[in-house]
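A short worksheet on the structure shown next.
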Amino acid sequence: MKRREFIKKTAISGAICLSPSFLTAAPAPEAKEGALLYDIGWTFDLSHHKAKECSLWIPLPSDISGFQRVITLGSSSDAKEHYQTDSNRYEARTFYANWDKSAVEKTVAVTMKIALRDRQCDWKTKRICPEAIEGSREYLAPSAHIPTDGAVAKAAKMIVGNEKDPLKKARKIYDWIVANGYRDESVQGCGVGSPNAMLSQLEKDGRMGGKCLDMSALCVALMRASAIPAREVLGIRVGASRFSAAFGAGEDITKAQHCKVEFFIPTMGWVPCDPADITKLVFKEGIEKTSPRARALADKFFGFWENNWMAFNHARDFDLYPANSQGSLDSFGYPYAEVDGEYLDPFSPSSYRYSIRSQKGVR
């Protein structure tokens, strides 16, 4: 059994307290509003897939220093086999359940209480431990969906020019994506996250449309090509935003998944940002990118995550544990399921009959 794997072969129920942190993040100062508490519940019912083997993998949150704390996490299921694990390349916390063909009821319920604070970079230099700097280098490497050569390398060179300072390079890339990107409502879910597809569209049409994973993946690829460690962070909106309705969610958050970005500066640690939400703001509010409101929020969202969004993981191009039938996952911000080895569309909750609800919690 791997050191980080924590498997329970029997039913998991009730609440357990979690403390491990798998996203090493730069500590954020106390938010003026303090921590917000959210009670979140997932329900799944695959019982309509009769006389078929069903397997389900659900992304779960973990602690992030200065931003997110998992207070309780509980689960129950009638599956013969179900457990929690983080045994995968990115240590992405996962709930897994499997039902054999004879199972009549195929249900899962996951509940959690989460404390969230604003994550605001203070832009002060800090002493970052050598281990953190060394660990960040993993996020310079390309992957199946995050190339750093070809069109990406060419675009990165054009954007950053002769700039040497990594923070200034990161800001140039962020601003360029906001200036050239637009939100495309026809895209399913969070998008596919292909930087080459985005750049190809820009070359053809003079602009590039997509959603949060598309914008975030391009941001990450351009930063990695510019020698800045970077990664997407998959998560979900869990409540209203105090900045704009475009950034918030109601109590039904089944389709509120959202992807953000963080990049590593050796004198600051991991720095948050969110270029995709600025393109969403412009679309939802019908304002110009050059308007004072859009420019002010673009400045705010470089170095900031609001306390109404919960992070799952930064897993991309990786293998689930236990192994699924369809192979490596592109990303893990949505539940993933297979029925007799065939993939279920995560953008269609009705195929799982799943829902996610969120309410402001109480202490």
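Just the heavy atoms: all of them, side chains too, but no hydrogens, waters or symmetry mates, feed the values below.
Hydrophobic clustering, with ILVMFWY side chains joined whenever heavy atoms are under 4.5 angstrom apart, keeps I146 apart from L218. One hydrophobic cluster, built from ILVMFWY side chains closer than 4.5 Å, holds both M310 and Y334. Linking ILVMFWY residues whenever their side-chain heavy atoms come closer than 4.5 Å, directly or via other members, places L56 and I40 in the same cluster. When hydrophobic clusters are built by joining Ile, Leu, Val, Met, Phe, Trp and Tyr residues whose side-chain heavy atoms come closer than 4.5 Å, directly or via intermediates, Y182 is not grouped with L222. Residues M208 and I173 fall within the same hydrophobic cluster, defined by Ile, Leu, Val, Met, Phe, Trp and Tyr side chains chained together at heavy-atom separations under 4.5 Å.
The closest donor-acceptor contact from the side chain of D118 to the backbone of N307 lies under 3.5 Å. Under the 3.5 Å distance criterion, the side-chain polar atoms of D63 are matched with a main-chain donor or acceptor of V70. The main-chain N or O of G333 is never found under 3.5 Å from a side-chain atom of S331 such that the two would form a donor-acceptor pair. A donor-acceptor pair is defined here as one N or O able to donate and one able to accept, closer than 3.5 Å; no such pair exists between the side chain of E232 and the backbone of R316. Judged by distance alone, with hydrogens and angles left aside, the side-chain atoms of E338 form a donor-acceptor pair with the main-chain N or O of S325 at under 3.5 Å. Side-chain atoms of S291 come within 3.5 Å of backbone atoms of A294 as a donor-acceptor pair (strictly under, hydrogens ignored). A donor-acceptor pair is defined here as one N or O able to donate and one able to accept, closer than 3.5 Å; such a pair exists between the side chain of S77 and the backbone of A79. Under a 3.5 Å cut-off, the side chain of N308 and the backbone N or O of G239 do form a donor-acceptor pair.
Contact annotation: the side chain of K169 never approaches that of F263 to less than 4.5 Å [non-hydrogen atoms, C-beta and beyond]. Side-chain contact between D86 and T94 is absent, with no heavy atoms from C-beta onward closer than 4.5 Å. Counting heavy atoms from C-beta outward, K101 and D340 have side chains that approach closer than 4.5 Å. In this structure, the side chains of F243 and K300 come closer than 4.5 Å at one or more pairs of heavy atoms. The side-chain heavy atoms of P61 and Q68, taken from C-beta on, include a pair separated by under 4.5 Å. Taking 4.5 Å as the limit, some side-chain heavy atom of P59 sits within range of a side-chain heavy atom of N313. Counting heavy atoms from C-beta on, the side chains of I114 and L37 never come closer than 4.5 Å. In this structure the side chain of R293 reaches within 4.5 angstrom of the side chain of L281, judged on heavy atoms.
Listed by first and then second residue, the side-chain hydrogen bond (donor to acceptor under 3.5 Å, both in side chains) pairs that reach into residues 203-222 come to none, sequence neighbours excluded.
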Output, in order, the C-alpha distance, side-chain angles, deciding distance and verdict of side chain to side chain contact (heavy atoms under 4.5 Å, CB included) for L344 and H49. CA-CA 11 Å; L344 284 186; H49 297 288; 3.9 Å; yes

K284 and D277: salt bridge (charged side-chain N to carboxylate O under 4.0 Å, His left out), yes or no, with the steps? CA-CA 10 Å; K284 293 293 185 181; D277 255 358; over 6 Å; no

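Defined by atom type and a distance below 3.5 Å, a donor-acceptor pair is missing between the side-chain atoms of T107 and D45. For the residue pair E285 and S244, a side-chain donor N or O sits within less than 3.5 Å of a side-chain acceptor on the partner. There is no side-chain donor-acceptor pair under 3.5 Å between D345 and S351. Under the 3.5 Å distance criterion, with hydrogens and angles disregarded, a donor-acceptor pair is assigned to the side chains of T43 and S355. Judged by distance alone, the side chains of S348 and S350 do bring a donor and an acceptor atom under 3.5 Å apart. Judged by distance alone, the side chains of E306 and S241 do bring a donor and an acceptor atom under 3.5 Å apart. N324 and Y336 form a side-chain donor-acceptor contact under 3.5 Å, judged by distance and modelled atom types alone.
A salt bridge (Lys or Arg N to Asp or Glu O under 4.0 Å) with D274 is found for one member of R237, R119, K260 and no other, namely K260.
A tilted orientation is assigned to the rings of F301 and F304, their planes being inclined by 30° to 60°. W270 and Y139 have perpendicular rings, their planes meeting at more than 60° on a 0 to 90° scale where under 30° would count as parallel. Below 30°, between 30° and 60°, or above 60°: for W309 and F67 the angle between ring planes is between 30° and 60°, a tilted geometry.
Atom OH in Y174 sits 15.0 Å away from atom CH2 in W176 (nearest 0.5 Å). Annotation: the span from H258 atom NE2 to C212 atom SG amounts to 5.5 Å, rounded to 0.5 Å. To the nearest 0.5 Å, atoms CG (N98) and OH (Y83) are separated by 8.5 Å. Taking CZ of R231 as the start and OG of S136 as the end, the distance is 9.0 Å to the nearest 0.5 Å. Atom CG of L199 and atom CD of Q201 lie 10.0 Å apart (nearest 0.5 Å). Here the straight-line distance linking atom CD1 of I253 with atom CD1 of I356 works out to 5.5 Å at 0.5 Å rounding.
In plain terms, the two heavy atoms of A311 and I64 that are nearest each other are CB-CD1, 3.5 Å. Contact between A115 and I71 at its shortest, heavy atoms only, is CB-CD1, 3.9 Å. Here the shortest heavy-atom pairing between G210 and V187 reads CA-CG2, 4.1 Å. Closest approach of G303 to W123, counting heavy atoms only: CA-CZ2, 3.7 Å. When every heavy atom of A153 is checked against every heavy atom of T148, the shortest pair comes out as CB-O, 3.4 Å. In terms of heavy-atom proximity, A230 sits nearest to V220 at O-CG1, 3.6 Å.
By the ring pair (Phe, Tyr, Trp, His ring centres under 6.0 Å) test, W99 pairs with no residue at all, sequence neighbours left out.
Taking the charged nitrogens against the carboxylate oxygens, R171 and D299 do have a contact shorter than 4.0 Å, which makes a salt bridge.
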